[in-house]
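Notes follow the structure.
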2 protein chains.
Amino acid sequence: MTTRTRRTERRQEPLSRERIVGAAVDLLDTVGESGLTFRALAERLETGPGAIYWHVTGKAELLAAATEAVVVPAVAADDTDRTPQEAIRTLALGVFDAFDAHPWVGAQFSRATWRPTLLRVFERIGRQVQALGVPEPAQFTAASALMNYIVGVAGQNAATTRAVAPGTNRADFLDATAHAWSALDPGEFAFARGVAGRLREHDDRTEFAAGVDLIVAGITGGT
Amino acid sequence: MTTRTRRTERRQEPLSRERIVGAAVDLLDTVGESGLTFRALAERLETGPGAIYWHVTGKAELLAAATEAVVVPAVAADDTDRTPQEAIRTLALGVFDAFDAHPWVGAQFSRATWRPTLLRVFERIGRQVQALGVPEPAQFTAASALMNYIVGVAGQNAATTRAVAPGTNRADFLDATAHAWSALDPGEFAFARGVAGRLREHDDRTEFAAGVDLIVAGITGGT
DNA sequence: ACCTGAACACCGTTCAAGT
DNA sequence: ACCTGAACACCGTTCAAGT
C-alpha cells in the first residue's frame with residue numbers, strides 16, 4: 001500500500017501497528033503477561049511509550065490484536081479434500097496448539113476483547129456443521145456447543161501449561177502432581193488419590209480430540 | 001477458637017481473613033475486577049492497606065480465596081437420593097450459576113490460583129463417574145472430560161455475561177447482537193448471518209446442560 | 001503526520017513505627 | 001500479636017512540545 005524508501009539503510013523500520021503487535025506477541029511469549037508493558041514495548045521498538053498510542057488505542061486493543069494475530073492463522077486451514085469431521089478436528093487441534101504455544105491467549109478469552117476473534121472461530125465451525133448435514137434449526141446450537149467445548153477446554157489446558165514453571169519438563173511435572181495427589185487426605189480426596197497413577201500416561205491433546213469427536217457424533221445423531 | 005469480648009459495643013469487628021475475603025467478593029461483585037484494590041478494600045474495612053497483609057499474603061491469594069468462597073459452596077450439594085446423572089447435572093449447573101452470578105470467577109480459572117478449587121470439583125465429579133459404573137481405567141479420562149467441559153463452557157458463558165454492560169437487560173443484548181450479526185459481510189460471515197435469528201430464542205443454560213448429558217451418555221457408552 | 005518523554009494518577013507491596 | 005500509613009517502585013495513559 002505505501003511506498004518503501006530503500007535509499008539508505010534505515011537504522012530502524014518506521015513504527016507500525018504490525019510491528020507493535022509483533023513485538024507484543026514476542027514479549028507475551030517470552031516474558032509472560034506481566035512482561036507486556038508499554039515501557040518494555042517502547043524499549044524494544046526503540047521509542048517512547050507515547051509513540052505506541054498513535055497506532056493503538058490502548059492496552060486492551062493491543063491484547064486483542066495480539067490474540068487475533070495468534071489465533072486467526074491457526075484456524076485458517078484449507079478444508080478442500082477434507083470431510084467435515086476432519087475439518088472440525090483440524091480446526092479444534094489448531095486452537096488447542098495455538099493456546100498451548102501461547103498460553104497467555106487462554107487468559108484473554110474471558111475478556112470482551114476476544115469476541116471478534118471468537119466470531120471467526122464460530123463462523124468456521126458453523127460452516128462445517130452445515131456440511132455435516134445438520135438441519136438448519138439445530139445448526140446454531142451444534143456450532144455453539146462445539147465452539148464452547150473447543151475454546152473452553154483449550155483454555156483450561158493452557159491454564160495448566162501456564163501453571164507449570166517455564167523450565168520444567170512435562171514428565172517431571174506430571175510426576176510431581178501424581179505424588180502430590182497421592183499425599184492428599186484419603187477421606188476428602190479419595191477419588192483423586194485413586195487415579196493419581198493415571199496422570200502419567202494420559203495425554204491432554206488426545207483426550208481433547210476424543211471429546212470433539214464425541215460431540216460431533218452426538219450432533220449428527222450417534223455413531 | 002478465640003474468645004470474643006462482648007463487653008462493649010465494638011465500633012468494628014477485628015480484622016480477619018474471613019472478613020477480608022468477604023469484602024473482596026463484595027467488591028468484585030459490585031465494582032468488578034478493576035474495583036478490587038488494596039486501598040478500596042482497606043477503606044471498606046476501615047483500616048490501612050498494610051493491615052490486610054497480616055492476614056493474606058498478597059493479591060493472588062486474595063483472589064484464590066474469593067474464588068474458593070464462591071465456588072466451593074456452589075459445588076457442595078447433597079447427593080443422597082440422586083442418580084449419578086442427576087448429581088453431575090446438579091453440580092454442573094451449580095458451577096454454571098456461580099460463574100454467572102460472579103462473572104469475575106471466569107477470569108480466575110485460567111490462573112494457577114484456581115487449581116486447589118479445581119481439585120475439589122474434580123473430586124466430586126470423579127465420585128459420580130465411579131457411581132456411574134465406568135471401569136477404573138477409564139475413570140480418569142471421563143472425569144477430566146466432564147470437568148473441562150463444565151468449567152470451560154461455564155467460563156465462556158461468564159465471559160459473555162461480563163461483556164454485557166451491567167445495566168443492560170438480556171433480551172436487548174441478544175437483539176443488538178442479532179442485529180450486528182445480520183450486518184456482517186455476507187461473504188466472510190455467511191454462517192453467522194444466517195443463524196443470527198436463532199440467537200433470541202436460545203438459552204445458554206439449557207444448552208450447557210444438554211452438553212453435559214451428551215458427554216455423560218458418551219462416557220457410559222451411549223444411551 | 002508522527003514521535004518524544006516528562007508528568008499524572010494510579011497500582012501492589014513493604015516497613016518502621018506504633019499499640 | 002496486630003495495626004497504621006507513609007514511602008517505594010512500579011503501572012497505563014496523556015499531552016505539550018518537537019520534527
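Quick caveat: nothing in here was measured; it's all calculated off a predicted structure. Convention: sequence-line order gives letters A, B, ...; per-chain numbering from 1.
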Do A/Thr67 and A/Arg111 get their side chains close enough for a donor-acceptor pair, meaning under 3.5 Å? no

Dot-bracket summary - DNA chain C, pairs being Watson-Crick or G-U whose distances fall under 3.5 Å, with | when paired to another strand: ||.|||||...|||||.||

Whole angstrom value for the distance that separates C1' of C/dA1 from CZ of A/Arg17: 18 Å

For A/Glu207 and A/His202, run side-chain contact (heavy atoms from CB on, under 4.5 Å): C-alpha distance rounded to whole Å, both residues' side-chain angles, the deciding distance at 0.1 Å, then the answer. CA-CA 8 Å; A/Glu207 282 172 18; A/His202 107 121; 3.2 Å; yes

Take atom CD of A/Glu33 and atom P of D/dC11, then tell me their distance rounded to the nearest Å. 15 Å

Once rounded to the nearest 0.5 Å, what's the spacing between atom CD of A/Gln108 and atom CH2 of A/Trp114? 9.5 Å

Starting at atom CD of A/Glu46, determine the distance to atom P of C/dG5, rounded to an integer number of angstrom. 12 Å

Fit a plane to each ring of B/Trp181 and A/Phe122, take the angle between them on a 0 to 90° scale, and name the class: parallel (under 30°), tilted (30 to 60°) or perpendicular (over 60°). tilted

Base, sugar-phosphate, or nothing for A/Leu36, non-hydrogen atoms under 4.0 angstrom? sugar-phosphate

For the side chain of B/Thr37, starting at C-beta, report the closest nucleotide among C/dC11, D/dT13, C/dC3. C/dC11

Using heavy atoms to find the nearest nucleotide of DNA chain D for B/His55 and A/Phe38 separately, return the residue whose nucleotide is more 5′. B/His55

For A/Asp79, which of A/Arg89, A/Arg124, A/Arg127 qualifies under salt bridge (Lys or Arg N to Asp or Glu O under 4.0 Å)? A/Arg124

Rounded to whole Å, how long is the line connecting atom CD of A/Glu61 with atom P of D/dG12? 15 Å

Using atom CG of A/Leu41 as one end and atom P of C/dC3 as the other, report the distance to the nearest whole Å. 13 Å

If the cut-off is 4.0 Å, is A/Trp54 near the phosphate of C/dC3, judged by side-chain N/O to OP1 or OP2? no

Both A/Arg39 and A/Ile52 contact DNA chain C. Which one's nearest nucleotide lies toward the 5' end? A/Ile52

Report the C-alpha separation of A/Thr141 and B/Arg198 in whole Å, then their side-chain angles, then the decisive distance to 0.1 Å, and conclude whether the side-chain hydrogen bond (donor to acceptor under 3.5 Å, both in side chains) test is met. CA-CA 9 Å; A/Thr141 300; B/Arg198 298 271 167 207; over 6 Å; no

Take atom CZ of A/Arg19 and atom C1' of C/dC3, then tell me their distance rounded to the nearest Å. 13 Å

Atom pair distance, as rounded to whole Å: CG in B/Leu63 and C1' in C/dG12: 12 Å

B/Phe38 vs B/Tyr53 aromatic rings, parallel, tilted or perpendicular, using cut-offs 30° and 60°? parallel

Starting the side chain at C-beta, find the nucleotide from C/dG5, C/dG12, C/dC3 nearest to B/Lys59. C/dG12

